[in-house]
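Inspection log for the structure reproduced underneath, given as structure tokens.
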Amino acid sequence: METVEKKNILEIKNVRKSFPTPDGRGATEVLRDISMQVSKGEVVSIIGPSGSGKSTLLRCATLLTDMDSGELFYNGTAAAKNDAAGKSVYSDKATLKKIRGYFGLVFQNFNLFPHYSVKKNLIDPQINVLGRTKEESEKKARELLEQMGLTNRADVYPCQLSGGQQQRVAIARALTMDPDIMFFDEPTSALDPELTGEVLKVIKQLAEMKMTMVIVTHEMAFARAVSDRVIFMDGGVIVEQGEPEEVFGNPKEERTKQFLRNYQ
């Protein structure tokens with residue numbers, strides 16, 4: 001029987017990124033030749049100690065940080081390719097604008113507009129970026145607020161919400177843009193344990209709906225439960241990756257075993 005090849009939404013090839021040292025005399029290589037891909041419907045969790053390069057990788061993937069070298073593709077379209085000298089060269093503005101429409105990004109710190117109501121936070125991006133009508137945008141906003149369990153909070157301001165509610169609004173706002181892939185950068189790190197659960201529940205629901213996601217997280221039990229694949233990073237490289245039960249239940253690399261011991 002012929003196997004159907006899964007469509008890669010995201011491809012990252014041989015990415016390197018360095019930052020200047022505080023004294024300005026040298027550079028610290030934060031990403032060292034990282035390659036990964038994410039196929040449609042796949043949930044990939046990235047775990048690892050602080051400073052391992054996880055968030056920098058996400059920032060490079062979402063065009064917030066320029067790569068030094070390496071290539072980046074969304075749905076087969078190049079966001080960046082290497083030139084003859086092996087340096088990343090980014091595509092033109094029109095292509096990058098199109099590519100930005102392929103992904104949604106949820107940060108640790110919500111990044112909502114504080115002077116907009118919850119509903120306006122969800123409606124305005126649809127009108128301004130996607131060109132939807134006010135009616136279409138309101139309908140989409142209502143549907144997502146219901147999905148997030150926040151129907152009764154549509155007219156309040158972010159400061160009137162708990163941290164968990166704010167993060168759910170941030171997730172809803174990203175979803176209003178109908179992204180092909182969602183990125184989460186430690187979405188619960190700013191929340192206390194009680195509020196963490198409500199955000200993880202929403203992400204778990206998205207996983208059940210086959211939303212394509214890349215999640216940087218310190219929540220090991222959650223990563224094990226929702227992921228199709230887990231990537232363990234340390235020192236700017238991918239040390240180990242595989243299905244959750246392989247990585248968590250039977251890690252091959254000593255560094256992975258050592259890291260996971262802290263979470264037993």
Side-chain angles (χ1 to χ4, degrees), residues 1-12 35-47 54 57-58 61-63 72-77 79 98-107 122 125-126 129-130 132 136-137 139-151 164 167-188 196-233 238 241-249:
M1 193 171 117
E2 191 179 338
T3 55
V4 179
E5 189 178 339
K6 281 196 168 184
K7 176 187 171 190
N8 281 335
I9 289 180
L10 170 69
E11 287 182 83
I12 295 171
S35 297
M36 64 176 282
Q37 62 282 320
V38 181
S39 59
K40 186 174 172 60
E42 190 177 23
V43 179
V44 178
S45 289
I46 304 176
I47 62 171
K54 306 183 301 296
L57 178 60
L58 233 62
T62 55
L63 305 174
L72 175 63
F73 297 85
Y74 278 92
N75 292 326
T77 301
K98 181 184 173 189
I99 283 171
R100 284 189 177 94
Y102 290 146
F103 61 79
L105 177 57
V106 177
F107 299 91
L122 269 61
Q126 298 181 69
V129 179
L130 299 181
R132 285 182 180 147
E136 288 171 330
S137 302
K139 181 173 183 285
K140 184 81 173 176
R142 277 197 308 272
E143 287 169 358
L144 283 163
L145 287 175
E146 184 178 348
Q147 186 181 331
M148 300 293 148
L150 292 169
T151 304
Q167 192 61 295
R168 282 185 280 157
V169 173
I171 295 169
R173 184 179 62 180
L175 290 171
T176 61
M177 310 305 283
D178 294 329
D180 291 343
I181 182 171
M182 286 278 287
F183 292 92
F184 295 87
D185 187 9
E186 298 187 13
T188 60
T196 291
E198 64 188 54
V199 173
L200 296 181
K201 183 181 173 188
V202 165
I203 299 173
K204 192 163 188 270
Q205 286 169 349
L206 293 176
E208 288 163 0
M209 294 162 66
K210 297 299 177 192
M211 181 80 215
T212 311
M213 294 187 282
V214 176
I215 309 164
V216 169
T217 183
H218 287 296
E219 301 288 339
M220 296 301 133
F222 171 73
R224 188 171 189 165
V226 304
S227 308
D228 297 300
R229 182 157 46 98
V230 174
I231 292 173
F232 171 62
M233 283 182 67
I238 293 175
Q241 64 177 310
E243 292 181 3
E245 290 312 311
E246 290 174 4
V247 174
F248 288 107

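Atoms considered below: every heavy atom in the structure, side chains included; atoms not considered: hydrogens, waters and symmetry mates.
- Remark: the backbone N or O of Arg100 is not paired with any side-chain donor or acceptor of Tyr74 at under 3.5 angstrom.
- Under the 4.5 Å side-chain criterion, counting only non-hydrogen atoms from C-beta, Lys54 is in contact with Glu186.
- When each of Glu219, Glu243, Glu245 is tested with Arg224 by the rule side-chain contact (heavy atoms from CB on, under 4.5 Å), just one qualifies, namely Glu245.
- The two atoms that bring Ala172 and Leu122 nearest to each other are CB-CD2, 3.8 Å, heavy atoms only.
- Nearest heavy atoms, Ala79 versus Leu63: CB-CD2, 4.1 Å.
- Of the inter-residue distances, the one linking Thr212 atom OG1 with Tyr102 atom OH reads 13.5 Å to the nearest 0.5 angstrom.
- A 4.5 Å side-chain heavy-atom check between Ile46 and Val214 finds at least one atom pair inside the cut-off.
- Heavy-atom contacts from other residues, nucleotides or ligands closer than 6.0 Å to CD of Glu143 number more than 12.
- With contacts defined as side-chain heavy-atom distances shorter than 4.5 Å, the pair Ile171/Val199 qualifies.
- Rounding to the nearest 0.5 Å places CD of Glu198 at 8.0 Å from CG of Leu150.
- Contact between Ala223 and Thr217 at its shortest, heavy atoms only, is CB-CG2, 4.0 Å.
- For the pair Ser39 (side chain) and Asn8 (backbone), a donor-acceptor distance under 3.5 Å is absent.
- Taken from CD1 in Ile12 to CD in Gln37, the straight-line distance is 9.5 Å, to the nearest 0.5 Å.
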Go through Ile215 and Val43 one step at a time and tell me if the side chain to side chain contact (heavy atoms under 4.5 Å, CB included) criterion holds. CA-CA 8 Å; Ile215 309 164; Val43 179; 3.9 Å; yes

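- Of all the heavy atoms in Phe107 and Leu105, the pair that sits closest is CZ-CD2, 3.3 Å.
- For the residue pair Ser227 and Pro244, the shortest heavy atom distance occurs at O-CG, 3.1 Å.
- Applying the salt bridge (charged side-chain N to carboxylate O under 4.0 Å, His left out) rule to Asp178 yields the partners Arg132, Lys140; only residues at least two apart in sequence or on another chain are considered.
- Met36 places none of its side-chain heavy atoms less than 4.5 Å from the side chain of Met233.
- Between Thr62 and Phe103, some side-chain heavy-atom pair lies under the 4.5 Å cut-off.
- Considering only heavy atoms from C-beta on, Lys7 comes within 4.5 Å of Asn75 through its side chain.
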Does the side chain to side chain contact (heavy atoms under 4.5 Å, CB included) test come out yes or no for Leu175 and Met211, once each step is laid out? CA-CA 10 Å; Leu175 290 171; Met211 181 80 215; 4.1 Å; yes

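- Here the CD atom belonging to Gln241 is positioned 5.0 Å from the CZ atom belonging to Arg229, to the nearest 0.5 angstrom.
- Here the OG1-CZ distance, from Thr188 to Phe222, works out to 8.0 Å after rounding to the nearest 0.5 Å.
- Across Ile231, Leu58, Leu57, a single residue satisfies side-chain contact (heavy atoms from CB on, under 4.5 Å) together with Val216, and that is Leu58.
- In this structure Lys204 satisfies the salt bridge (charged side-chain N to carboxylate O under 4.0 Å, His left out) test together with Glu208, sequence neighbours excluded.
- With a 4.5 Å cut-off on side-chain heavy atoms, Met148 and Val169 do not count as touching.
- Taking the side chain as every heavy atom from C-beta outward, Leu72 and Leu10 approach each other to under 4.5 Å.
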Take Met213 and Val226 through the test side chain to side chain contact (heavy atoms under 4.5 Å, CB included) and record every step on the way to the result. CA-CA 10 Å; Met213 294 187 282; Val226 304; over 6 Å; no

